[in-house]
Protein chains: 2
Amino acid sequence: MSTRRATISDVAREAGVSPSTASVVFSGKTPVTDATRRRVLDAASALGYTGPDPRAASLRRGRSGIVGVVFEEHLGTAFLDPVKTLMMDGLSEAVSPLGAGLLLLRDHDPTESGTAASLTTAPLDAAVLIGCSGHLRESLDAVKARGIPVVVVEGDAGDDIPRIVLDNREAQRQAASHLRALGHRRVAVLTLPARAGWQAGWLLDGTAVTIDVTRERLAGALEVYPDAPVYAAAGSFIDEGLAAGRVLLADPSHRPTAVIAQSDLLAAGVIRAAEEAGLRVPEDVSVTGFDGIVVDGLAPYELTTLVQPAAAKGRAAGQAVAAMLEGSDAASIRFTCEFREGNTTAAPRPA
Amino acid sequence: MSTRRATISDVAREAGVSPSTASVVFSGKTPVTDATRRRVLDAASALGYTGPDPRAASLRRGRSGIVGVVFEEHLGTAFLDPVKTLMMDGLSEAVSPLGAGLLLLRDHDPTESGTAASLTTAPLDAAVLIGCSGHLRESLDAVKARGIPVVVVEGDAGDDIPRIVLDNREAQRQAASHLRALGHRRVAVLTLPARAGWQAGWLLDGTAVTIDVTRERLAGALEVYPDAPVYAAAGSFIDEGLAAGRVLLADPSHRPTAVIAQSDLLAAGVIRAAEEAGLRVPEDVSVTGFDGIVVDGLAPYELTTLVQPAAAKGRAAGQAVAAMLEGSDAASIRFTCEFREGNTTAAPRPA
DNA sequence: TTGTAAGCGTTATCAG
DNA sequence: CTGATAACGCTTACAA
């Protein structure tokens, strides 16, 4: 306990074998006699040796078994989003057979001193960037410079970087078409933030939307309802949807008969706003969501929504990483959302 | 691109300095002439060298800059809990000045093959175990054997392991006392799961409660209301609270005038169940929560609850890790919850 | 301020 | 099946 920790050579010496043999006993990469194995293992436990030092092993092997996951938000914020959480789940599942773990990283944390573990100083085998917009590009450059494989989820990082994306536009158009088929003419759109740091408010024609997901889903809705009023929330939360819903449903004379929300949480908030205003869903207002997550506490409503394969996205990212680590190059993947009709949409009341 | 990556020696040679000088330019640990620094930096960019290889550096230094966070649940499940999320936030903040990042780990994943990155194979400087009950003890042994510093949050790992805990019992008693002071006599308790894998149901006297948090909070409530009926939910979700609330409030003749819920999410569900049953909160039923998180979508209710310093817990864990890494030994810390009166508790209706 | 030298603890390779 | 050898790429006393 007091002296330095035992190394594999100590164990080898104690067991009367060579270091390489001892190493092989632990890695299992080459057959070893049972007797030898036992001697080595006994020596190890006698010396309190618990296995090869991962640091040395990773230097030698050139692999650390660590995949970085880079977020552009505060970690707490990222995990507030059920879709990201599911995605992490899929990702963790997919890198696990690789023997890899996930290291949480922020793109560039302005509040922290430069000492923080980062893309540049962490022993990463690969990196997954989540939602590549804005300064995440800097992270991208850092990683590319290091020459480690990168995959981008829900973002565009240039042609040479595999990306995992959704058919946001087409999917959202499907929901809009569904509403039109039901006969809705006055429809409002409630979007996710238009850009980083966005404050909730109407999205006028000229406003630039820099967040890819928001822009694409919006485009899909506008294909069907080109003149729909558009309100952009400040984030994907029920309370944001509630606040926005109050605005959208405020004026009885201009009230939309349906609201297309860009996330299930926003949709849930709109439903609450409708209830609050004495409107019934779907009789008085139809509401569609996006994501297909389980919104805790929303029962008995079942959202009409686009179900995105969030966990599959994560898994795909993990598999892409695995492929690149093997030297093959990974293709970008575009996932398709599935339209699911719930009980929050119906034909509008006859005027 | 085709040949092997440049090393710091290559850079040094190119710059006409020694490897140690080049190293120092990157680490900044020793003063270097501006001219020298420039030469080295130029050589580096000429060779496409992006900085020291973290794997080699960590072997040499004996530090990897990685702190493992060990959960006993699926990652997706863990992050569904806002308290854990906040805790992670605090933790990540506290280890950041250390230059460390957080590696997500599961205790022992039965579904994965043995290859997964784990306590035993990941290059960890330290580990934080979350909620040490059940098999998390195995993880504990693994880490202790490796001789790396460990901290346990919300769990008991024996006297030699620093732990970060809450005054669960006292805090819960405070909420119960508040209800008694208001005049409540028929009070029901809605707890978190009694053990891993628990199905929602009544908790009878003899039932063993193996989850520390559940047991302690329950004990606090029972100090004030020893005869209260106790129902244990299957998890901390609004929908669980809703289901449990339906049971608790079902029978008008035995209906409690107040429900003590062990989490804010459960409390939110009970409130929904009350609304559903045509009862008003707090006029007909009082409800208390625990955690003090923001429950998305609960407005206009403000829970009467115990606010736990979730982020501070994470920070404390991080600081404990930092201390141990410096050689000093970290003390266990017991945090105190703050009672916060909202608008979900009031005196019971006169019978 | 810069250079020299000696590892850090493993594991891949190849020969026996 | 086992052993000798040679790196992996860097950091840090210590000396100059």
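Numbers restart at 1 for each chain; the letters A, B, ... are given by sequence-line order, proteins then strands.
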Legend entry - Pairing residues for A:D89 by the side chain to side chain contact (heavy atoms under 4.5 Å, CB included) criterion, not counting sequence neighbours: B:H74, B:L75

Legend entry - Range on DNA chain C touched by chain A, heavy atoms, distance below 4.0 Å: C:dG9 to C:dA12

Inset, instruction - Sequence neighbours left out, what passes side chain to side chain contact (heavy atoms under 4.5 Å, CB included) with B:R334? Give chain and number order. - result: B:V165, B:D167, B:E170

Inset, instruction - Check whether any side-chain heavy atom of B:F79 sits under 4.5 Å from a side-chain heavy atom of A:L86, and report yes or no. - result: no

Legend entry - Residue pairs, two or more places apart or on separate chains, that pass side-chain hydrogen bond (donor to acceptor under 3.5 Å, both in side chains) and touch residues 17-27 of chain B: B:S18-B:S20, B:S18-B:T21

Inset, instruction - Could you tell me which residues satisfy side chain to side chain contact (heavy atoms under 4.5 Å, CB included) with B:T33, sequence neighbours excluded, listed by chain and number? - result: B:A35, B:T36

Measure all distances between protein nitrogen or oxygen atoms and nitrogen or oxygen atoms of nucleotides 7-9 of chain D, and list the pairs falling under 3.5 Å.
unit_1 : atom_1 : unit_2 : atom_2 : d
D:dA7  : N3     : A:R60  : NH1    : 3.3

Legend entry - Pairs where residues 14-50 of chain B contributes a residue and the test ring pair (Phe, Tyr, Trp, His ring centres under 6.0 Å) is met, not counting sequence neighbours: B:F26-B:Y49

Legend entry - With B:R38 via side chain to side chain contact (heavy atoms under 4.5 Å, CB included) - residues at least two apart: B:D42

Inset, instruction - Enumerate the residue pairs fulfilling salt bridge (Lys or Arg N to Asp or Glu O under 4.0 Å) with a member in residues 12-24 of chain A, sequence neighbours excluded, ordered by first and then second residue. - result: A:D10-A:R13

Legend entry - Neighbours of DNA chain D within residues 17-41 of chain A, by heavy-atom distance under 4.0 Å: A:V17, A:S18, A:S20, A:T21, A:T30, A:P31, A:V32, A:T33, A:T36

Legend entry - Test salt bridge (Lys or Arg N to Asp or Glu O under 4.0 Å) applied to B:D34 - qualifying residues, sequence neighbours left out: B:R37

Sequence neighbours excluded and cut-off under 3.5 Å, please list the side-chain donor-acceptor pairs for residues 312-328 of chain B, or say none.
unit_1 : atom_1 : unit_2 : atom_2 : d
B:K313 : NZ     : B:E154 : OE2    : 3.3
B:K313 : NZ     : B:Q308 : OE1    : 2.8
B:S328 : OG     : B:A323 : O      : 3.1

